[in-house]
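Below: one structure, written as structure tokens.
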Amino acid sequence: MESTSPSNFLHAIIARDLASGRVSEVVTRFPPEPNGYLHVGHAKSICLNFGLAQAFGGRCNLRFDDTNPGKESPEYVASIQEDVRWLGFEWSGPVRYASAYFQQFYDWAVHLVEQGHAYVCDLDAEQAREYRGTLTQPGRNSPCRERPVRENLDLLARMKAGEFDDGSRVLRAKIDMASPNMNLRDPILYRIRKLAHHQTGSDWCIYPTYDFAHGQEDAIEGITHSICTLEFEDHRPLYDWLLEHLPVPSRPRQYEFGRLNLNYTVTSKRKLGQLVDEGVVDGWDDPRLPTISGMRRRGFTPRAIRRFCDMIGVTRSDGVVDVAMLEHAIRDDLNENAPRAMCVLRPLKVVLTDYPADRTDWLTAPNHPTRAELGQRTLPFTRELYIDADDFREAASKKFKRLVLGKRVRLRNACVIEADEVVMGGDGAVAEVRAHTIADTIGKDPADGSKPRGVIHWVSATGGRRARVRLYDRLFHHQAPDRGENDFMALVNPDSLQLVSDAWIEPSLAEALPEQNFQFEREGYFVADRYEHSAEAPVFNRTIGLRDTWNDGP
RNA sequence: UGGGGUGUCGCCAAGCGGCAAGGCACCGGGUUUUGAUCCCGGCAUUCGGAGGUUCGAAUCCUCCCACCCCAGCCA
């Protein structure tokens, strides 16, 4: 796989650390909590962590930060691994789990207590909040703060033994209740949760907090550069404090970067989960969601997502990336690599009156306009064809470069035809167009030197196949559905999915493999559905439309 | 009104004292059996603002302004 890893400030830091000998090898990690599916924001982190390790010949671990059993599940640990692999990355060694280090964390907690750096606190959640003070006022010491070491040790052991109820006691670090950094006001290290854990079962009833776990996990695994998002910057002093006060095997350092924000979309596990739970979308892998599995089902390729991550860069400023950049990344990849094919979304019958009903010509068409190595396929050409209803008008201005009554148009990969008359249906709409072919125009212009201004796609009515096509649109029309006062659930686009049950495809398309990408010429990029597509009942999802700069006329 | 951050084109982003890369978007023009692609051209005398240092500043100093994060026994 190509290892693009464009330079950024982290790249520079690592290069410097390697050059100075501060570290001899770079070791990073991607540390998701298995409490939801990965989304495009995680893709940025994955590309960053794995990409940096790759760029410097180091290693990158996949580690589940599973310290809160109440929110986690095995379904997520499975999907996360699948998504990371699908994106094209392989972690170093086995999958790691914070939960595998629980005993070590506990021993270290005991160590902290013995050194007088931690104590068991009896304040309940509400009292703890009061004692913590506010952003502008210092907190007050807990009445338990000066508890003797011996008593703390006893209480901690009993917390572990399950003698106390959830929430009744916690273990806290003894740092500084007056610190302007809230994270240093005697942060909680352990809480009681009488809950089974998806990895450790009922072994524990006390679980470490993120702060008491993350740095130590990094130290145990020999992580050299622990990369996280900006909101953890205030936690860095605590991260360092714990490492300094514990006999850890290595000294990782934390660095922060700005998380990805995309306009017109929501990227937060909580909100994505709400859309899934309330049935607004069909599941975590709904093609309208910016989840990795959703984008996969939509037809995005790992390469396009990686390319997108390279395009947006990595900095410490938090901005909002225009989805147009994501759309460009996928169009760019698919334009280069997707085979072309023809599909009519709104079939309008065209009868070629000068063409025998019992005749079929098999025309060959290249699978790609510039890459001959992608081969060609054959198309059945018959008396009855379907073209898209939008590609015909009884009358139109010169700007309309498609089929018009009495005028000519080129059928893509086939001949030129001229529309003679229209047959109206009972509903007053055009039901059929009757036309005739212009002799000897396959692969060449008409003998009279005229050149049709337009080219439209078509599919044989008798040789083609019916298909179901799903046309996706943005889930939100609002640029910032979850910003400020906005209730993102109320801003969902009710027409984000349009089901087309009678699209018409050229026969070769029925043989498509699930997840195969195509460009349906003049329409956009589509993918055979990962789960529902079959030769008997073809199903395609529109990944993204073609760029369209045509300003519609009259 | 505490602490921690960030401010370079509509968006992302290079730049680190020597005179504003690149990408996306957009606007022209050319090619084209996809109104796609491709090609060519345009797009910041200016770097949040005001002072200062310097021959010279987006880059150094001072003050100011705006925005983001922190008061979960979430991560």
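Both backbone and side-chain heavy atoms feed into the values below; hydrogens, waters and symmetry mates do not. Given the structure is predicted, the values throughout are model-derived calculations rather than measurements. Chain naming here is simple, since letters A, B, ... match the order of the sequence lines and numbering starts at 1 in each.
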Going by distance alone, is a donor N or O of one side chain under 3.5 Å from an acceptor N or O of the other, for A/N367 and A/Q376?
no
So what does A/T67 hit on the nucleic acid, given a heavy-atom distance under 4.0 Å: a base, only sugar-phosphate, or nothing?
sugar-phosphate
Does the base of B/G4 carry an N or O that pairs as donor and acceptor with the side chain of A/N181 under 3.5 Å?
no
Quick one: is B/C74 close enough that its OP1 or OP2 comes under 4.0 Å of any side-chain N or O from A/R270?
no
To the nearest angstrom, how far is A/N183 atom CG from B/A75 atom C1'?
12 Å
Measure distances between side-chain N and O atoms of A/R402 and base N and O atoms of B/G35, and say whether any donor-acceptor pair falls under 3.5 Å.
yes
Quick check on B/G17: syn or anti? Syn means the glycosidic torsion is within 90 degrees of zero.
anti
Going by modelled atom types, is there a donor-acceptor pair between the base of B/U34 and the side chain of A/E523 at under 3.5 Å?
no
Taking N and O atoms by type only, does the side chain of A/R340 place a donor or acceptor under 3.5 Å from a partner on the base of B/U34?
yes
Exercise: do A/H457 and A/D388 side chains pair donor with acceptor under 3.5 Å:
no
Using whole Å, report how far CD1 of A/I188 lies from C1' of B/A75.
15 Å
In terms of side-chain heavy atoms, does A/Y97 have a donor or acceptor partner in A/D65 at a distance below 3.5 Å?
no
